Each structure stands twice: as structure tokens, then as C-alpha cells.
Amino acid sequence: MKYNEYKNLSYPQIGDEVLQFWKDKKIFEASVDTREGAPTFTFFEGPPSANGTPGIHHVMARSIKDIFCRYKTLQGFQVKRKGGWDTHGLPVELQVEKELGITKDDIGKTISVEDYNEKCRQTVMKFTDQWNDLTEKMGYWVDLEDPYITYKSEYIESLWNLLKRLYDKGLLYKGYTIQPYSPAAGTGLSSHELNMPGTYKDVKDTTIVAMFKVTTPKTYQVFGNIAGVEDLDIRILAWTTTPWTLPANSALTVGANINYVLVKTFNPYTYEPVAVVLAKDLVGKYFSEKGQDGDFDGFAASDKKLLPWTILAEFKGKDLEGIAYEQLMPYIQPTIGPSDKPAFRVILGDFVTTEDGTGVVHTSPTFGADDFRVAQANGIPAIMVKDENGKEVPIVDRRGRFVKEITDYAGRFVKPEYYSDEEQNDPEFRPTDVLIAIKLKEEGKAFKVEKYEHPYPHCWRTDKPVLYYPLDSWFIKTTALKDRLVELNKTINWKPESTGTGRFGNWLENLVDWNLSRSRYWGTPLPIWRDDYGNEVCVGSIEELKDFLEEALLSGHLTKEQAFHNSEYLLKLQHGDFDLHRPYVDNIVLVSKDGHVMHREPDLIDVWFDSGAMPYAQWHYPFENQEIFNQSYPADFISEGVDQTRGWFFTLHAIAGMLFDSVAFKNVVSTGLVLDKNGNKMSKRLGNAVDPFQTISQYGPDATRWYMITNAEPWDNLKFNIDGIGEVQRKFFGTLTNTYNFFALYANLDGYEFHEATSVPVESRTELDRWILSKLNTLIKEVGEQFDDYNPTKAGRLVQDFVTDQLSNWYIRLNRRRFWNPSQESGQGLTEDKKAAYETLQHCLVTVSQLMSPIAPFFAEWLYKSLTDGDRAASIANNTGYQFDSVHLTYWPKIESSEIDLDLEESMELAQKISSLVHSIRKGHKLKVRQPLSKILIPVLSDKTKRQIEQVTSIILTEVNVKTVEFVHDDSGILKKKIKPNFKTLGPKFGPKMKEVAGAISAMTETEIKDIERSGAITLHTASSPIEIAISDVEIIAEDVPGWLVASEGGLTVALDITVTDELRLEGIARDFVNRVQNLRKDSGFEVTDKIRITLQNNDSLLATAVTSNKEYICQEVQALNLSLVGDLNGEAKEIEMDEFLLKVKIEVV
RNA sequence: GGGCUUGUAGCUCAGGUGGUUAGAGCGCGACACUGAUAAUGUCGAGGUCCGUGGUUCGAGUCCACGCAGGCCCA
């Protein structure tokens, strides 16, 4: 047997078998090796972390990656894809802590850093086996033999090298960020620690609405028009729940589009006249309605409980920008840096709301993250002091006390909770916030002081409130190259585009410096050593580290212990069994040129730097593989989830742009999420997560991949419904398998073999053959275009529609007769016609296997091999088409333009439409297809349509079981025409008069329609004026043939003669008879090739006549050698129901 | 709160540059076929195109404002 036939095909089994085949024959390796020397297509693998188990969304993400790599391989590119593992970072640490039942506090106490990191190293690869297993089973081709692993020394060395390059360019610097900090514990808190339950507690704080005095109001336009402005004491109101930050105030932030008002009133504590600025929406919060436009003159004499007030002016926040005010608590003057502007000004910020407060935010860059950001963006300096080493520090020390420069409160804790219980319980005790409130009231700088209850974060260790506090951090100065990064981004092809221009583009536009520092244990150490005297080195390689170590040892400035650690490490470096992680590198002490010892900055770097550096570090560049790197940079293609936009996509882009003035990737597909079928996020906790292993073992990898890819475009979220996979399996894979089996069944019966040299020339094949080949070539073109456009969804849908609608439902169905025509046994050999049919179908199927192979690699392989294995040896010998062992080693099919016949495609479309219309009429009149009818009438208004229909007439006739097609021409006089306005052309001409014109056109008489057809134009008279209509402004269709049954759709009309003549009736009965005999054959278990003898009991003259007069036809159809009518069958007959007869018949194999 | 994104039939999705009657598959109903048969085909029912305004002769499509979901960031 040449083509394997399959009963009860199991898709998971195909997966297993093909996987084994790939392994045995090393097909993946071959798919790379056979492209040696060809242009490369570079793909970067975004490394997953193997410390968790893979989920169904990984199948999705990796299918996308796999698809384009396979596609480009088919296109002839060499596509190397190195796998990788992300191994550092917080999730690993957390998992280890969970497993060991410890917290970060235990590190260095109950467990050494050394042991802790060792545990991380083991844990991080914990599920590697599962990942590898899934990778194989889902058919993701990636090199797992030699993956990059981010914790390896080579990898880290590359990172150090990149950091050194940044450092040398002055792009790596030490600054600070505002982070949650616990003075009681003396440590910063991660966002994870801040999200722990119980962290936020309701506390009652003293809050102050402070009054910031505007200097020289009349110089500002916004106040300029106010009468008597020079006499006003204008104060901007700003509310704070942390009064202790007021001495550090250096700006006020307002919302650009928020409405503010200037309100004339009195200071509620000093009763001095004043005019205050606050958000309009919040006026009601501070002023009672009774006081509006109240008695100003009589206020002094009143009990002063009711403040009179009146609105003097209203303006937008943006009108206030730049206004200067007097420093509220002038203990310390800001040091103005080179890029700074003066402090104590009004600036704009997007985080301002009118939910509470005054709509003006008191801004102290050292004690608020928003404050810091907005201040930096506006060049506002911070209020800082210098410590004993001349280093700038905030006005609150690390224990939470004011520094000495804040004379009134020097040494006081800013939060009462930092005092001991005893101190707090002293009746004389006043929290610092209260002292500040009193002082401001006395100075006439407070508008309102009150207690306010709100949630505030607390340190989970000490239970004391957290401060937002500036902590040292290392930064990459991404802002310095922002413009270039924006430029480079414009050259990247983003799918979808909006991620690139929107999410990513906006992110670049609003870029801040990249904070590299992480206070952790398991990660890449920052390779910077420094002392307290301004000396600093950045180590860029292991070689350098050796040199520095040697220098340090020779310097004589090390203690005994330091020298011991250093020489120990140096020895390890020399032997190659070193570890660049903590704690080992922490013990290295270097010595500066002027003889000071330098310690490593204790930070680790952001893991995103690890992954963003993979283009270089995966090859241990620049220490090794320079050539490979140069060939494979930048990447042609990457793909990850859209959530990576500010993660991996950014870090890749930033490093490439800053160090190599290049993009890191040219094309990127950012993928959406995989949700459950109800659109909820999948999570193990909710139990709605789908197990990828189970899915693949149940449905096989191909249906799973096909479903995920064709159901939604990659960047849309996918609502994953397992039933959808079943549907894809039945609909697409089932149909395709059936189609193949159909081919195999008859090809084997006929002993068909493919010989390229003697194949039937395309031009001498049938209409249907040429049509499907034309469709096929169109398909190749379109699928290629979609893959080129990185749209696998559209590509897959095109293939699927071709297979189900065109190939199976039209080509195969209409050609069945050709295939089962028993030419071989009747001694004719394989006729030219049959051969053409096999060749056409086989070619279609092989091509389909290629087109679908990127998406469904296993099934495509199975299909390809089933179709071509038998021809392999000959093909190799003759260097012809089917020489490749695997579909994945073939080359993308060439588009044979000469085989594309769009006119024929249109013809066939007409045939399909006409057939459908006839079926519809038959249906409406309960005329089953088996009853032949005599005539279809098709009105045609153009010669082209007529010719196109004529080309496929025979196909239509067989499909709908009608004897003839007749065309009704325009001049026959029996057509009834309908005229419709063509709005597209009429629109520009008539515009507003459209309704009138459309009405006039619809009302045209038969004569007028003839007129416009003849002369190409006509003048119509509407109510207002005569109008000129051209033939192109209307659409004329023949929609009715009076006296006939008619159906029409889209301008195509079909009329059907439903008269059943006696002759047709007999023929119908004969067909019915054939049908019953066929059933009987099948029920009796005869072989398809068996010849039979039929004996029919003559008990009805109509039936007898029908059978006799169609005897030849019947015999041929049911392969009867003999058909006889007898008087009585003596009970040997089978009784079968026909519509109106009781059939008594006997069949036997001859 | 901000940026991006999605909303069309019971479900999953199509619907260049606006053109009047909005499509497909599944599901559902009916029928046909019975030599692709645990297949297959045909026909049918099913829609306030998230809402409200606006632009236009004409809006599923363009604009504005909302509502609901998603992601990222605060």
C-alpha cells in the first residue's frame, strides 16, 4: 500500500509519533543545518523562569514564537534559536523563603547568605524538566541543549561588561529614590512587603492646611486684573497629613485643568484679612454657605465664628504655573543644582485631585515619590543638608529624627510612634506634628488644623509607621538618550502598532532614569567598589577583577582578614571555580590609588537588566563568540506578552540604544492574555487554570495550537474554551483527515503513483482541477502575505477556509464520481482524467501541509509524510518535489502565477451561488434533489457573466440535478428589471438632495430604465429641479421572471422550472430505486467492487416502467450485470419502502 | 487617577478609505444524502452593532462624553 489509510486516527498519537520521528532523524537540527550559508533570521528567546510550572498561556506565547521561526525556515532562512532561563529575582527568593519557612530577616541570622543563595540556585531550576517536556510536546523548536542561564558566571561577566560600558559613558550614577522605609527597623521595604495583609492601618494624624504666601502677586497675569490686588495678602492653601514634611517643602503642585478660585476672607486663627487660593470644588469644605459674601466690615466686632468670604476670581491650574511663594518654614535653603530652577514655585502634576484637601499638593521631593518625580520633571531642587562627610542627606535622619539644622525640632522623632510608650504617655508629650501646627497657627500660616483618620502603611516587622524616604540607588541615565530611544523605536515594526506608538511610545516619552538597585541576595551583584573619599571603580570583567585583587593585595592597606578573603577569591578565580554572587563578592575589598579601602556597593541589579542584556550575555559577548554575535544582532523577531512592554521590551531597547546605538529587535509581536472561557484571569487559586499537559494529551498539540492561534489575534486576549479545541479538531483536522483518507482510499485502489515527469499538464486538466489549483496559488500568496505581516491568525483562517469550503466541500464533493469510476478494473488503466484528479488533489494536500506546518507542525508532518513517503526515494534520485524527509525541511511553495485564473474563480463562485439558489427554491417547494428537473433560467445582463456561467454549466447541472440552463437576455422582453441608486457615486454629486434623488431613481419606469441603458444617461425630474443621472450612478438588476419561481441574491437571479414531466418522474423513481439498491448493497455487506444481479418483483406498473426505461443507468450506477423483473419472488425478496411504493427486490453477488 | 486596549447573533469571531438589506463557524431547528458514513450537504430561525449626544444626504465604521471588561503604571 502506497498511501496509508487511517481508521480511528488519534491526534495525540500523531503528536507522539511525529515527535519520535523528529528525535530519531534530528529534524530540528537539520532544519538549521540545511540552511547553513543562507541569510539568517534571528530570534531572541525571552527567558522564562523555571521556578514555576508552565501554564496554557505559555503554549500560546511559544506557539507564536515557533510559528514565525518555522515559517522563516521554510522561506529558506537559517533560524537559530537559543533557549534561555531567567534565574534571578524576587519570585525565586520568595519561593525559597516559603519552602524554608523563613523571612528576609532570617537571612544572615538563621541561614547564611551562602546557604540561602545555594538554595535559590537549586530552586530556580526546579521545574526545568516540566518545561522541557512541555517544550517538546507542544512542538516548540528551541535549542535546549545549550541554553543561556542568567546566574552563570559567563553571563554575569557579560553583564558587568555592559555595566562598565555604561559607567564609562557616564550613564551609571548613584542617586536616590523615594521608597517606603522603616526607621524603626532601619530598612527599606519592598512593594511586596508593603502589600502584606495588615500593613495598612487606620491612624489619626494631625493634619494642617498650610498657607503659602504668594510673593508680589500683581506681577502675575492671573491676579493682575483683580481690583486692589496690591493690598491683598494672597496665600495658596495646601493640605498635608504629614506636617513634619513641611520644612522640606520646595514646591506646590496643582492640576492643569482643575478650576481654582481666589477667595477673600479672614485667617481663622489670627483674624487677619487674607485671600486664599484653592480648588473651586473644595470651597464648600472650608467655607459655610452662610458666610458667602458676608459682612466683612463687621467681622472684627463679631464673635468671629462665621468667616465671611467672597470669590474674587476663578482660573485654571495651568494659569497658576510658575507663581513664586515664600518658603513656609525657612530652616534650610535649597542648593540649586546646575539643571535646577528656583524652588518655592507652583508646578503642574497629573496626580492632583479634588477628592480631598485643597486641590493643591504640598510637595517635598525628599519625602514623596510623586513629589520627587514632579519636582525632577520641573527642575525643583530638594531641601537637603550636608552630613559630616559632606554628603547630601535629607532633613530627617535614618532613625526618623530631624537633623540639627531644623533647630526648633532638632533630634525629635517625626512620628510619635517612634518614641517609647513611656515617653508617649507623659502628659507633657506633644507629637512633633502638633508642635509644628502650633507654630504655624501662631505665625498665621495655618488655615485649618484637625485630626484626620486615614489608612497608613506600617512596617510588618516593628508595627511602626513607615516613612517615604530617600534611599541610595544606582541609576542608568536613560533620560540622557531619550530622544534617540524614541527615534529608534520608530523603526521597529510593532504588532499591534498601538503597543509601539501608544504604550511603549508614551513610556519612552515620559522616561525616567532606570533604577537598577535592588536590596536583595539572589541576583547579579553591582560591580562597583567605592570608599568614603570619592574613589570608585566599576569592574568590567573577571580579568579586571583579578588585577584589582592583586593590586589590593600588594597595596599593604588591607587587614589580615581582608587580605585572606582576597587571596582566597583570587585563587578561586585562577582555578575557575569562583562564584560572582553574594556573599563571596561582598568579601572582596579593593584599594584605591590613594590607598583607601573600597567596599562593594551592596546592591544587586534589577533582574530586568539580566534579561535585557541577553542578546550579548547569551553569547558571553564580548569575551567570546564575537562573530556569532555580529551575525545575530539585532533580532529580526521577538515576541512576549504585552505586560513585558515596560519590562523586557524596554530593557532590550534601552541597552541596545544606549550602548550600541541600535534597536535590539526589528519586529515584535506583543501577545495578549489567556483568560478562562468566561473572560476571567486564570489562576491556580481560583481553580480555573488549564493544565497544558492534559490539554495536549487529550487533543494533541496541533488542535491546541490551531485553536489558540486562529481563534483570536495574538494581541487580543484569548478566552480559552476547551470546547473550541474540539470544534477545531472536528471542523478542520477532521475534514482534512477525511480528505486525505478519501485520496488514499482510491489512490491505493487504482495503484496511483506520482511521477513528476509524466504529470498531466495543468492546461489539459478539468475546470474543477484548474479552479482548485488557481485557488491554491491564490492561497499560497495570501497566506505568505499574512505570515510576512506577522499575523498567524489570518494565515491560519485562510488555510482552514480553503480546506473546508473549497477543497473538501466543493472540489472533493463534486469530483467523487471521478475518483470512484472503476477505470482500472475495466481494463482501461489509470485514465488521464483520473490521474489528473489524483495529481491535483495530492498537490493541494501537500501544499496545505506546508502552509499549515508553522501552526500545526505535527499534523502537517504526518500529512506530508503520508502523502509523499512512498515517493521519497524516487524523488531524491530525480531531485524532484518530494525529496525532503520532513515538511519542515521543504521550501515555501512557489506561487505559479500562470495557474491563477481569477476569471475561472469568479465562474466557480457563480456556480456555487447559482447552485445554492436552486437548492433554496427546491427546498421551498419540497422538491428533493433526487427528482430531476428540466430547466433553470438565468437572466444575464452582461456577456461576461453569461460566458462565466457557461463555463461551469455542467457543474451546476450535476450539483442541482437539472437538465439544462437557459439564459434570458435583455431583449427577450420577459425580464423584469429593478433599478437601485448607487450611493457611492451619487453622494458626491448630490449630497443633501440625496433622498430626493434616490426616490426618483427608485420610481423610474421600465421605459426610463431602457432609456438610461441605451443612452447611458437620463434626465429625471424631481420636485425641485431636473437632475442628470449617468448609468454608473445606478445598478440595474433583473430580479424577476414573471411566471417562474425565482430566487435572487446580490444581483444574481435564478428561475426554476418545476414542472415534473412523466419522463422526469420516471427518472426520479429510477434514482430512488438506485438509492435503495445501494443501501441494500451496503446493508448486505457487499464490497464496493462486487458486481450484482437484481431481481425485482413486478407489483407496480409505474415502478416497472421507471426501472425498465432507465435500466442502463441503474445497472451502471449499482454495478449490476443483470436486472430482471419477475412476477413473484416467492418470499425471497427484501421489502423496502420507497416514497409511494413497496419494493420487493433481491440482490446477489455474481 | 493616567496610558493603552476590547465591546457586533446564545458562544467564538469577520466586517480597507462612511453608502442604505451587517456576515461566517459553532450551537439550535428542519430537510436531504447514504460508495468520504462515528462522515457529508442544503435550507432556516436568531442582531436596539455597549449607551448617549454630535458631524453627514447617509454612521457598526468618524468625533465627544459616558458605561463595562482587560493589561500596565501611579
Side-chain angles (χ1 to χ4, degrees), chain A residues 7-8 255 350-353 355 369-370 373 496 498-507 509-510 641-647 670 672-673 675 677-681 707 710-713 715-721 723-724 726-728 730-732 734-735 737-746 793-794 797 800-801 804-805 808-810 812-813 816-817 819-820 822 915-916 918-924 926-930 959-960 980-998 1049-1050 1075-1076 1078-1079 1081-1083 1086-1089 1117-1119:
Chain A
K7 290 277 175 205
N8 302 325
D350 55 16
F351 55 88
V352 182
T353 69
E355 297 272 301
D370 276 334
R373 190 166 48 81
S498 61
T499 302
T501 54
R503 193 181 278 213
F504 195 67
N506 292 344
W507 164 248
E509 291 292 346
N510 299 311
V642 69
D643 54 340
Q644 297 282 346
T645 307
R646 293 171 184 194
S670 78
L673 262 69
L675 307 170
K677 64 178 173 183
N678 299 318
N680 299 313
K681 213 170 158 175
Y707 163 73
T710 58
N711 197 46
E713 289 185 317
W715 35 88
D716 285 335
N717 290 348
L718 171 70
K719 287 186 198 164
F720 187 91
N721 188 346
D723 296 340
E727 189 180 319
V728 156
R730 276 194 308 278
K731 181 85 192 145
F732 176 59
T735 306
T737 309
N738 278 337
T739 306
Y740 167 76
N741 271 337
F742 180 88
F743 166 82
L745 174 68
Y746 294 106
T793 307
K794 289 202 168 127
R797 286 175 182 173
Q800 178 165 331
D801 289 348
T804 56
D805 297 348
S808 170
N809 187 29
W810 199 250
I812 295 273
R813 204 158 52 78
R816 273 144 84 197
R817 204 157 269 274
F819 286 97
W820 78 60
S915 301
S916 166
V918 174
H919 278 305
S920 156
I921 300 173
R922 292 189 88 114
K923 185 86 178 174
K926 298 207 183 304
L927 291 162
K928 44 176 152 180
V929 182
R930 222 177 297 158
E959 176 66 8
V960 300
K980 286 199 330 196
N982 179 357
F983 290 97
K984 212 162 187 170
T985 59
L986 289 168
K989 279 193 205 170
F990 298 105
K993 289 164 72 185
M994 200 65 175
K995 284 215 170 76
E996 212 179 322
V997 175
E1049 189 212 328
N1075 163 250
R1076 299 307 191 273
Q1078 297 287 35
N1079 286 346
R1081 278 186 63 123
K1082 202 172 168 197
D1083 292 345
F1086 296 178
E1087 290 297 315
V1088 176
T1089 47
E1117 284 298 302
V1118 303
Q1119 302 185 53

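This one's a predicted model, so the numbers in the text were calculated from it and none came from an experiment. Sequence lines set the chain letters: A, B, ... in the order given, protein chains first and strands last, and positions in each chain run from 1.
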Problem - Under 3.5 Å on both distances, the Watson-Crick or G-U partner of B:rG1 - result: B:rC73
Fill in the blank from the handout: Quick note, A:K794 side chain, CB onward, closest among B:rG25, B:rG15, B:rC43 is B:rG15
Completion exercise
When both distances are under 3.5 Å in a Watson-Crick or G-U wobble arrangement, the nucleotide paired with B:rG25 is B:rC11
Practice task
Report which part of the nucleic acid A:N721 touches: base, sugar-phosphate, or nothing (heavy-atom distance under 4.0 Å, all strands).
Solution key: nothing
Practice task
Using whole Å, report how far CD of A:E509 lies from C1' of B:rG3.
Solution key: 13 Å
Practice task
Taking all non-hydrogen atoms of both residues into account, name the closest pair between A:F742 and A:F819 and its distance.
Solution key: CE2-CD1, 3.5 Å
Completion exercise
Considering only heavy side-chain atoms of A:R816, the closest of B:rG41, B:rG27, B:rA36 is B:rA36
Problem - Pairwise P distance, B:rC13 and B:rC73 [rounded to whole Å] - result: 25 Å
Problem - Touch class at under 4.0 angstrom, heavy-atom based, for A:R797 against every strand present - result: sugar-phosphate
Completion exercise
When rounded to whole Å, the NZ to C1' distance for the pair A:K928 and B:rU34 reads 13 Å
Handout entry: Nearest atoms (heavy-atom pairs only) where A:R646 meets A:R503
Key = NH2-O, 4.3 Å
Handout entry: Between P of B:rU6 and CG of A:L718, the distance in whole Å
Key = 16 Å
Handout entry: Heavy-atom donor-acceptor pair, A:R503 side-chain to B:rC71 base, under 3.5 Å
Key = yes
Problem - base_contact_polar (B:rA36 base, A:S808 side chain, donor-acceptor, <3.5 Å) - result: yes
Exercise for the section: Please state how far atom CD1 in A:I812 lies from atom P in B:rA36, giving the value in whole angstrom units. Expected result: 10 Å
Exercise for the section: Could you check which of B:rU12, B:rG41, B:rG35 has an atom nearest any side-chain atom of A:N809? Expected result: B:rG41
Problem - Assigned partner base of B:rA64, Watson-Crick or wobble definition, under 3.5 Å - result: B:rU52
Handout entry: A:R813 side chain to A:N809 backbone, donor-acceptor under 3.5 Å
Key = yes
Practice task
Please confirm whether the backbone N or O of A:G672 pairs with a side-chain atom of A:N717, one donor and one acceptor, at under 3.5 Å?
Solution key: no
Completion exercise
Among B:rA14, B:rC71, B:rC13, the one nearest any side-chain atom of A:N711 is B:rC13
Practice task
Just call it for A:L745: base, sugar-phosphate, or nothing, with non-hydrogen atoms closer than 4.0 Å on any strand.
Solution key: nothing
Exercise for the section: Could you pull out the closest heavy-atom pair between A:T804 and A:K731, with the gap in Å? Expected result: CG2-O, 3.5 Å
Problem - Distance, C1' atom - from B:rG58 to B:rG18, rounded to whole angstrom - result: 8 Å
Handout entry: Pairing nucleotide - B:rA45, Watson-Crick or G-U, each distance under 3.5 Å
Key = none
Exercise for the section: Ignoring hydrogens and angles, tell me if any N or O in the side chain of A:R797 forms a donor-acceptor pair with the backbone of A:N711 under 3.5 Å. Expected result: yes
Practice task
Could you check whether A:S498 gets within reach of a base, just the sugar-phosphate, or nothing at all, counting any heavy atom under 4.0 Å?
Solution key: sugar-phosphate
Problem - Residue pair A:E727 / A:D723, side-chain heavy-atom distance below 4.5 Å - result: no
Practice task
Decide yes or no for A:I921 and A:V918: does some side-chain heavy atom of the first lie under 4.5 Å from some side-chain heavy atom of the second?
Solution key: no
Fill in the blank from the handout: Side-chain atoms of A:E713 come closest, of B:rU42, B:rA14, B:rC71, to B:rA14
Handout entry: A:R813 side-chain proximity, nearest of B:rG15, B:rG41, B:rG27
Key = B:rG41
Exercise for the section: Determine the interatomic distance between C1' on B:rC28 and the same-named atom on B:rG10; round to the nearest Å. Expected result: 9 Å
Exercise for the section: Answer with base, sugar-phosphate or nothing: what part of the nucleic acid does A:D801 contact at a heavy-atom distance below 4.0 Å? Expected result: nothing
Practice task
For A:W507 and B:rG3, give me the distance from atom CH2 to atom C1', rounded to whole Å.
Solution key: 12 Å
Practice task
Would you please classify the geometry between the A:Y707 ring and the A:F720 ring as parallel, tilted or perpendicular, with 30° and 60° separating the classes?
Solution key: perpendicular
Problem - Span that lies between the P atom of B:rU17 and that of B:rG7, in whole angstrom - result: 15 Å
Handout entry: Between B:rG25 (C1') and A:Q800 (CD): distance, integer Å
Key = 8 Å
Completion exercise
Per atom distances to the A:R646 side chain, the nearest of B:rG25, B:rC43, B:rC72 is B:rC72
Practice task
May I have the distance from A:R373 (atom CZ) to B:rG1 (atom P), rounded to whole angstrom?
Solution key: 16 Å
Practice task
With a 3.5 angstrom cut-off on both distances, give the Watson-Crick or G-U wobble partner of B:rU34, or none if there isn't one.
Solution key: none
Exercise for the section: Specify the separation, in whole Å, of atom CH2 of A:W715 and atom C1' of B:rU6. Expected result: 15 Å
Completion exercise
Shortest non-hydrogen pair, A:W715 vs A:S670, comes out as CB-O, 3.4 Å
Completion exercise
Closest to the 5' end of RNA chain B, once A:A712 and A:S920 are matched to their nearest nucleotides, is A:A712
Practice task
Pick the P atom in B:rG25 and in B:rU21, then give their distance to the nearest Å.
Solution key: 23 Å
With 3.5 Å as the limit, what N/O pairs link the protein to nucleotides 58-65 of chain B?
none

Practice task
Quick one: label A:N738 by what it contacts on the DNA or RNA (base, sugar-phosphate, nothing), any heavy atom closer than 4.0 Å.
Solution key: base
Handout entry: Assigned partner base of B:rC57, Watson-Crick or wobble definition, under 3.5 Å
Key = B:rG19
Practice task
Between A:T710 and A:E727, just flag the one whose closest nucleotide in RNA chain B comes earlier from the 5' side.
Solution key: A:T710
